[in-house]
Amino acid sequence: MTKAQEVAYDLREQILSGALSGGEALPSESKMMSQYGYSRETIRAGVRLLIEEGLVVTGQGQGKYVREDYPPVVWNWTTLESRSRHANAVEGRTAGDQWASVVSENGNAPRQDITVSIVEPPAHVRERLELPADGLAVARKRVRFIDNRPYALADSYFPQELVSGTPLMEPRDVSAPGGILASVGLVQAKYVDEISVRMPTRQEAELLALPAATPVAEHTRTGYDAEDRPLRCMVTILPGDRHKILYEVSTD
């Protein structure tokens, strides 16, 4: 190993063993220079390796800190947004937004920052909503927080002509028994899910406060009515360090 790799190896072992815990500052450069007997530039090169791995993050000023772990959230997408959950909402066993209901059931505090606008949707959303080249969509964009920590981005797109004048145009949490779309006669009969894994864009990294080297899952769910007409396309960005996805699949 090079000298920088030696420094990175030792610090990595301390992090993985818990000797340096999440959120804890690394020793100062001067202290590490004395400990390892290497130059300041070598120490910095070793720490940079850990930053590139995502184990160390840069704080305010020149401080370097061990990356803090996020408690993972488990999502059962087999039942999320299912009719049974909407039926439970009618009976009062869950309330409001389905995502918020799941978070609350897990004993955490959900919050969403919501904006609503009429947009030319991204190409992949336009395709899934089967919109013409000049077709517009209503976009409900949400930054989702759990216990005041950013956990996900969720952008829902609807064909403009279907939802104009409905509560979906309101820039706040909205809900209705059976779901907002169903309450205005637009019943989703099935979903098509697509999942890809990639590195985040700069904007996504900023909104989610992502440390370096954090991949995200992009989950695209398109909802269709009984005649296979697309009603909604939701694109959710899920950081890989704070989510676990569960599916239950029948063998029939």
Side-chain angles (χ1 to χ4, degrees), residues 8 12 15-16 22-24 26 47-77 80-81 97-100 102-103 106 108-117 119-129 137-158 171 191-222 232-247:
R12 187 186 300 110
I15 293 170
L16 297 179
E24 184 177 349
L26 295 186
V47 172
R48 276 198 302 270
L49 292 174
L50 297 182
I51 293 175
E52 292 170 359
E53 292 177 22
L55 289 176
V56 171
V57 298
T58 302
Q60 293 182 347
Q62 299 299 314
K64 305 294 190 297
Y65 300 83
V66 178
R67 178 186 184 136
E68 189 175 358
D69 291 332
Y70 278 62
V73 176
V74 179
W75 299 106
N76 186 340
W77 280 346
L80 187 64
E81 296 194 311
D97 180 271
Q98 291 289 290
W99 172 84
V102 171
V103 173
N106 292 334
N108 301 104
R111 177 171 68 84
Q112 303 188 80
D113 289 348
I114 302 172
T115 60
V116 178
S117 57
V119 301
E120 295 182 357
H124 68 290
V125 173
R126 181 187 304 280
E127 179 181 347
R128 283 152 185 80
L129 290 178
V138 172
R140 289 180 59 84
K141 297 191 175 187
R142 292 157 291 186
V143 182
R144 287 175 156 170
F145 296 82
I146 297 178
D147 298 331
N148 286 322
R149 303 173 79 180
Y151 260 72
L153 306 177
D155 297 345
S156 291
Y157 297 88
F158 308 85
Y191 300 124
V192 174
D193 282 1
E194 304 168 73
I195 301 172
S196 61
V197 178
R198 57 174 174 79
M199 297 305 293
T201 66
R202 179 184 295 275
Q203 182 183 37
E204 291 166 349
E206 291 175 353
L207 288 172
L208 292 167
L210 298 181
T214 305
V216 297
E218 179 176 304
H219 172 229
T220 301
R221 168 169 285 188
T222 308
R232 180 195 65 162
C233 181
M234 182 169 69
V235 181
T236 305
I237 305 301
L238 302 162
D241 63 344
R242 57 201 79 168
H243 294 278
K244 181 182 293 186
I245 307 305
L246 173 67
Y247 275 99

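Formation of a donor-acceptor pair under 3.5 Å by the D155 side chain with backbone atoms of K141 is not found in this model. The backbone N or O of A137 sits nowhere less than 3.5 Å from a side-chain atom of R126 that would complete a donor-acceptor pair.
Here the closest non-hydrogen pair linking Y65 and G23 is CD2-O, 3.6 Å. Here the closest heavy-atom approach between residue P121 and residue V125 is recorded as CB-CG1, 3.9 Å. The shortest heavy-atom contact between A8 and L50 is O-CD2, 3.8 Å. Listed here is the closest heavy atom pair of V216 and P239: CG1-CA, 3.9 Å. Nearest heavy-atom pair, P150 versus F145, reported as atom, atom and distance to 0.1 Å: N-CD2, 3.5 Å.
For the pair I146/Y70, no side-chain contact is recorded, criterion being any heavy-atom separation below 4.5 Å from C-beta on. Here the side chains of R149 and R242 are not in contact, with every heavy-atom distance at 4.5 Å or above. Using a 4.5 Å cut-off on side-chain heavy atoms (C-beta onward), V73 and V102 make no contact.
How far CZ of F158 is from CZ of R140: 6.5 Å, rounded to the nearest 0.5 Å. Taking OG1 of T220 as the start and NE2 of H124 as the end, the distance is 4.5 Å to the nearest 0.5 Å. To the nearest 0.5 Å, atoms OH (Y191) and OG1 (T222) are separated by 11.0 Å. Taking CG of D113 as the start and CZ of R142 as the end, the distance is 12.0 Å to the nearest 0.5 Å. Separating the OG1 atom in T236 from the CZ atom in R221 is a distance of 8.5 Å, to the nearest 0.5 Å. The CZ atom of R144 sits 8.0 Å away from the CD1 atom of I114 when rounded to the nearest 0.5 Å.
Atom CD of E120 is surrounded by 12 or fewer heavy atoms from other residues, nucleotides or ligands within 6.0 Å.
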Indicate every side-chain donor-acceptor pair of residues 201-215 with a distance under 3.5 Å to a residue at least two apart or in another chain.
from, atom 1, to, atom 2, distance (Å)
T201, OG1, E204, N, 3.1
T201, OG1, E204, OE1, 3.4
E204, OE1, R198, NH1, 2.9
E204, OE1, T201, N, 2.9
E204, OE2, R198, NH2, 2.9
T214, OG1, R67, NH1, 3.1
T214, OG1, R67, NH2, 2.7
T214, OG1, P211, O, 2.9

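In this pair, H243 and Y151 present their aromatic rings perpendicular. The plane angle is above 60°, beyond the 30 to 60° band.
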